[in-house]
Structures are given as C-alpha cells and as structure tokens.
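Here's a structure for you.
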Amino acid sequence: QYLSNEIKNAMGINFQDFVNLTRAEESVKLLLDTDMTISEISEEVGFSHTRYYNKHFKRHYKMTPLQYRKKYKLDNEKLLETKKIRAHDPNIALEYMTSYLENYERYNYEEKIVKINVEASQSQGDFVHEYKDEIILPMAYRILEKGVLDSLRIIQQEISFDYGQITHIFSEEMGIYSKGMMNFKKIKKVMDIILALGLRPDIILGEENFTSARYEELVTGFLEYFKEEYGSYEISKWRYTIDSKATEEVKAVLYGILKDGYDFPVKEECINNHETNPIYDTAYMIPSVIHQIVNNKPIYKFKAMDELLEAENPTNTIFLGDRGLLNWEGLKKPWYHAFYFLNRLGDTVVARGDDYIVTSKGEDFQVLLYTHSKDIEALGDFSVEKSFSLNITNLWRDYRVTMYEISEGINSVYNQWKAMGEPHRLTDEEMELLKLSSMPRITLNYRKNKPVQHINLKIKGHGAVLILFKAC
C-alpha cells in the first residue's frame, strides 16, 4: 500500500496502471522488431488476455497495437529509404564508439545471455540418479530423537536416497559395551526406523575401541539376530563398511566373518565425517552440486544433517560449516534444494550444457538452469547475474508449467540469516520464519500448444531454477 501511494504521488497513476503502462511500452519493441502475433505479444509482456492488452495499449497510445504496427513498422524497402548512410574508417569509428557502448547494458549482450535451443524429440541417453545412492545418517542413537526422525522423513519424501551410512551402531549409547551381555533391542529400533524410511543401512564397523575377539562376538551375534528378525535376503542387501583406521587384526576378523563366513560384499573406507568448511552453508553449493552431478563428476560426501559435535570453535549455533543438507535443527541449507531439483528431473536427457540440463519423462519435460561459477569470491555479489533465453520446439501438447527458484539473492536460508544480523541463536518463531522464507519461489502458468515455447529469465547470484512442463 505504501509503495502504491508513493508511485501515485510521484507519477499521478496507481500501481496497477503503472504496471500496465510498462507492459504496453515493452510491447512496442515486439510490435516493431518481431513478427510475433498480437496474442503472443500480449502473453509475452504479461497481460492475461488480448482484450486487456488492446484496452491498455489504446489508453496510452490512442490506437490499438495492430494499428500502431501498421502505422510505424517499416518493411525492408522503406527502412532502406529512411536510412542515411555515411562511410567512416572502421578503426576510428570503433575507437569513438567503444567508450559509449561499454556503459550500455546490452554491450556484449551475446556473451551475457545463455541461449538454449532444444528440440523436444531429441535424446542424449539416460539420466541416472546415482547421487541418490547413499547419504550419511546421524549417529545411530540420534536417529531415535523425534526431531531427527522428522527431518529424515522430509529428506526421504522429497529426495529419497537408497542407502544410509550409519556410525556408532556398537556404542555405549546403543547399549553395547566392550564386554558383557549383548543387547540388540535398541539397535533393532534404529534398524526398523531406517527400513521404514525406505533406506537400507550401510553399517560402519571397526571405529570403536574393541578387541578383535569382542568384534567377532558382536558382529556374529548381530548378523544372527537380524537374520532371524528380517531374513537372510534382507541383511544380504545391507552394506558393510570397515573403517580403514581399524587395526589389521580387527580388519582380518571382520573380513573373515562378513566375506568368508556370509559371502557379503565388504568395502573399506576412511571414515572422515569431521571435515567442515563454511562454504557448505552457502548458496555456492547449489550450482556447484548440480554441475558436478549433471556432468557425471565426483561429488562431495554429504550428510543428512549437521552434527553439533563436529563443529570446532563455532561462532554461532545455526551454521557450523558441516556437510549436512539440513542444519542440526532441520533448516534446509541451500544445497538441499539442489538435490530436490535434481530429483524432479526425468530419466531421459534431451539436452545438456554448461549451465543447464533438459530431461523428459513420458510427455512431461523438465528444465534445470543454474549459475555455475568457480569464483567463490563472487558470493554475495548479486549484480553477478545470468540471463537465459530458452526455446523448446516440438512440444505438441498444452502444458501446465511450474517454476521453482532458489538463489542467493532471493531465498537462501544462509543469506536470510545474515540479513537478520547473524544471530548466535534463534527463537522458535525466528526458526519458523526462516523455514518459510527459504522455500523455493514458485510460479505457475498455463501454456497452450504452439511451435516454440519461449522463456526468458534471470538468476541473481548463485542459484538455480527448475521448470516443469506437465502435459495436459
């Protein structure tokens, strides 16, 4: 209301009239410089119907768009007649003109816009969602906490990973000690939760300070207990990973039980879940992750949630620089949305480039655009933006189009927190507001069948836009 009043005071018209005037002015370029129909121009500049376009255009220009085009648009012959051409030395002219052109926003425009032309019937092979193979889960005992369980449910509903790597299965918190009776009931509760989430466990062994004899006793008892609970087939589908830092004696025992005794596949891995870096909290991770996955490059080993225990000398309790998709209280960090967007892609690659991928699934199409940059120093510089011009041909249906946008300049939770003054802790109300303000911005529209579907958009800062074409 305040903005509307200020516009009216300054310009003498209300906010809606100002918007319609701007649309009418923008349409003049299309009327004179393109062969688009009046209906296409009306839709392109944002009018809901051609009759509203005609009404507002006539209000400002005293004639209809068609009359304006007939009056002012020149064919090639007339255009040549109006031109006055004088020859100049090219080198002198270029030197004279450059100082003016460099300040013009469309100077080097071809280098600043990503032009994407897609033929919908093309195929470049399968898009395999390999990134969903495994995620690092919180420590076993934390999975029993309600807040952690709720967060894992959200991750599985929206992304759906196949395996969850789990540590501290044999720990005092799980009722397992270096000697004495073995009680697997608490572990069973954790395994029930993991399986109910649609995951299978990747169990880390060898991280505890147990003797090789104790490991033999525990692992043998564990496998027999869960074979009886879930069956031989189910536990054969689980993964078993030995921490490479375990002693050679312990490794030999574990290989002997799992590989020789049960014929289960076993791998060895350096379990280093303690690496932290502030960059993991930022919007830089959105296009970085997408670029790595789309181009089949190795990606970061990521966690479901940040662990408070991993942070060294934290300056706040919100963002710890850990590798979780969520912070420890369940806030969706920027790169969470990268995985969410990737999960919405289809199974067939239609087109792919440095800043985009187009996929299909049946008659539906998915477009993912992103602002990939190796320049971490550009973080927070929202003037660094990327423009996209997307043309898709041979979409022979009407489509409902949904656009999701997440970027540094709009709704990154990390940037929202910084805008709050980087508080060391948040109230429950502030936490809920942050959750709401960091959701992807959603735009809905309907597109009728036409030879070319065209979309122009910009992404400010590091971010991504997902466009879903749903056939009607």
Side-chain angles (χ1 to χ4, degrees), residues 129-176 184-208 218-219 222 226 229-230 234-235 237-245 264-276 280-281 285 289 299-311 320-333 335-336 338-340 343:
H129 297 258
E130 292 181 352
Y131 60 92
K132 300 199 318 181
D133 179 64
E134 185 166 287
I135 189 169
I136 300 172
L137 297 176
M139 298 175 195
Y141 62 89
R142 288 204 63 216
I143 291 175
L144 299 172
E145 299 172 12
K146 183 181 182 303
V148 171
L149 178 54
D150 290 343
S151 294
L152 293 178
R153 284 197 181 108
I154 291 170
I155 291 173
Q156 284 302 97
Q157 287 167 5
E158 297 186 343
I159 303 174
S160 184
F161 291 94
D162 297 327
Y163 282 85
Q165 189 178 91
I166 184 165
T167 62
H168 293 76
I169 281 285
F170 298 143
S171 64
E172 292 184 2
E173 292 86 352
M174 296 301 295
I176 302 295
F184 298 119
K185 286 188 176 180
K186 201 168 184 179
I187 298 177
K188 168 95 171 31
K189 288 182 180 180
V190 171
M191 293 302 172
D192 285 345
I193 288 171
I194 291 173
L195 295 175
L197 288 169
L199 288 163
R200 280 188 166 127
D202 177 1
I203 299 165
I204 303 301
L205 300 166
E207 58 183 338
E208 301 84 4
L218 285 172
V219 174
F222 174 89
F226 284 101
E229 291 290 333
Y230 301 130
E234 175 59 35
I235 66 169
K237 293 296 180 183
W238 295 2
R239 291 177 178 170
Y240 304 91
T241 300
I242 299 174
D243 190 343
S244 60
K245 297 188 293 294
F264 290 165
V266 184
K267 67 179 187 294
E268 195 172 319
E269 184 180 317
C270 179
I271 306 302
N272 177 21
N273 294 338
H274 307 291
E275 178 203 355
T276 59
Y280 294 140
D281 296 325
M285 299 301 295
V289 164
I299 62 170
Y300 313 87
K301 191 83 172 179
F302 48 88
K303 303 178 179 181
M305 301 179 71
D306 290 347
E307 293 278 4
L308 273 174
L309 297 177
E310 309 298 352
L320 312 171
D322 201 4
R323 289 174 290 138
L325 302 186
L326 309 179
N327 88 329
W328 68 278
E329 291 183 287
L331 280 176
K332 292 177 180 177
K333 292 161 62 175
W335 66 333
Y336 177 94
F339 289 97
Y340 175 72
N343 187 50

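When reading the values below, keep in mind they use all heavy atoms of this one structure, side chains included, and skip hydrogens, waters and symmetry mates. Index from 1, following the sequence.
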- Message: Using every non-hydrogen atom in the two residues, find where Ala304 and Pro138 come nearest and quote the distance to one decimal.
- Response: CB-CD, 4.3 Å
- State, yes or no, whether a side-chain contact exists between Leu137 and Leu199 at a heavy-atom distance under 4.5 Å.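 The answer is yes, as the side chains (C-beta and beyond) meet within the 4.5 Å cut-off.
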- Message: So does Ser160 get a backbone contact from the side chain of Asn343, meaning a donor-acceptor N/O pair under 3.5 Å?
- Response: no
- Query: Okay, side chain of Glu208, backbone of Ser171: is any donor-acceptor separation there less than 3.5 Å?
  - Reply: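 Judged by distance alone, no pair lies under 3.5 Å.
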- Note on the structure: Tightest non-hydrogen contact, residues Gly324 and Trp335, listed as O-NE1, 3.0 Å
- Message: Can you tell me which residue among Asn327, Asp322, Asp281 is in a side-chain hydrogen bond (donor to acceptor under 3.5 Å, both in side chains) with Lys333?
- Response: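 When Asn327, Asp322, Asp281 are each tested with Lys333, the side-chain hydrogen bond (donor to acceptor under 3.5 Å, both in side chains) holds only for Asp281.
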- Query: Would you call the rings of Tyr336 and Tyr340 parallel, tilted or perpendicular if under 30° counts as parallel and over 60° as perpendicular?
  - Reply: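 Ring orientation of Tyr336 relative to Tyr340: parallel.
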- Query: Taking side chain as C-beta onward, heavy atoms only, is His168 less than 4.5 Å from Glu207?
  - Reply: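 Yes, side chains in contact.
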- Beyond-backbone contact of Val190 with Leu144, side-chain heavy atoms, under 4.5 angstrom: yes
- Task: Could you give me the CA-CA distance, side-chain angles and deciding distance for Ile204 and Ile169, then say whether side chain to side chain contact (heavy atoms under 4.5 Å, CB included) is met?
- Result: CA-CA 8 Å; Ile204 303 301; Ile169 281 285; over 6 Å; no
- Message: Do Leu325 and Lys332 make a side-chain contact, defined as non-hydrogen atoms from C-beta onward lying under 4.5 Å apart?
- Response: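 Counting from C-beta outward, Leu325 and Lys332 never come under 4.5 Å.
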- Which atom pair, heavy atoms only, marks the closest approach of Pro201 to Leu195?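 Where Pro201 meets Leu195 most closely, the heavy atoms are CD-CD2, 4.4 Å.
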- Message: Do Ile154 and Leu326 have side chains that approach each other closer than 4.5 Å (heavy atoms only, starting at C-beta)?
- Response: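 With C-beta onward as the side chain, the pair stays apart.
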- Are the side chain of Glu173 and the backbone N or O of Tyr141 linked by a donor-acceptor pair below 3.5 Å? no
- Query: Do Tyr230 and Met191 come within less than 4.5 Å of each other through their side chains, counting heavy atoms only?
  - Reply: yes
- Closest non-hydrogen atom pair, Glu307 against Met139: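 That closest heavy-atom pairing would be OE2-N, 3.3 Å.
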- Query: Mind checking whether Phe339 and Tyr131 have parallel, tilted or perpendicular rings, split at 30° and 60°?
  - Reply: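 The arrangement is tilted - the two ring planes meet at 30° to 60°.
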- Going by an N to O cut-off under 4.0 Å, is there a salt bridge joining Lys267 and Asp202? yes
- Message: Lys189: which residues meet the side-chain hydrogen bond (donor to acceptor under 3.5 Å, both in side chains) condition with it, sequence neighbours left out?
- Response: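 For Lys189, no residue satisfies side-chain hydrogen bond (donor to acceptor under 3.5 Å, both in side chains) once neighbours in sequence are set aside.
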- Task: With side chain to side chain contact (heavy atoms under 4.5 Å, CB included) as the test, would you mind laying out the steps for Leu320 and Thr276 before giving the verdict?
- Result: CA-CA 8 Å; Leu320 312 171; Thr276 59; over 6 Å; no
- Is there a side chain to side chain contact (heavy atoms under 4.5 Å, CB included) between Ile176 and Ile187 once you walk through the steps? CA-CA 9 Å; Ile176 302 295; Ile187 298 177; 4.0 Å; yes
- Task: Kindly write out the residues that satisfy side-chain contact (heavy atoms from CB on, under 4.5 Å) with Glu145, not counting sequence neighbours, or none if the list is empty.
- Result: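 Here the qualifying residues are Arg142, Val148.
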- Mind checking whether Asp306 and Tyr280 have side chains closer than 4.5 Å, heavy atoms only? no
- Message: Checking Tyr240 now: which residues fulfil side-chain hydrogen bond (donor to acceptor under 3.5 Å, both in side chains) with it, not counting sequence neighbours?
- Response: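 If we apply the side-chain hydrogen bond (donor to acceptor under 3.5 Å, both in side chains) test to Tyr240, skipping adjacent residues, there are no hits.
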- Task: Assign the ring pair Phe302 / Phe161 to parallel, tilted or perpendicular, where the plane angle (0 to 90°) is split at 30° and 60°.
- Result: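 Tilted.
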- Item | salt_bridge(Glu269, Arg239) N-O dist < 4.0 Å |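 Salt bridge: no.
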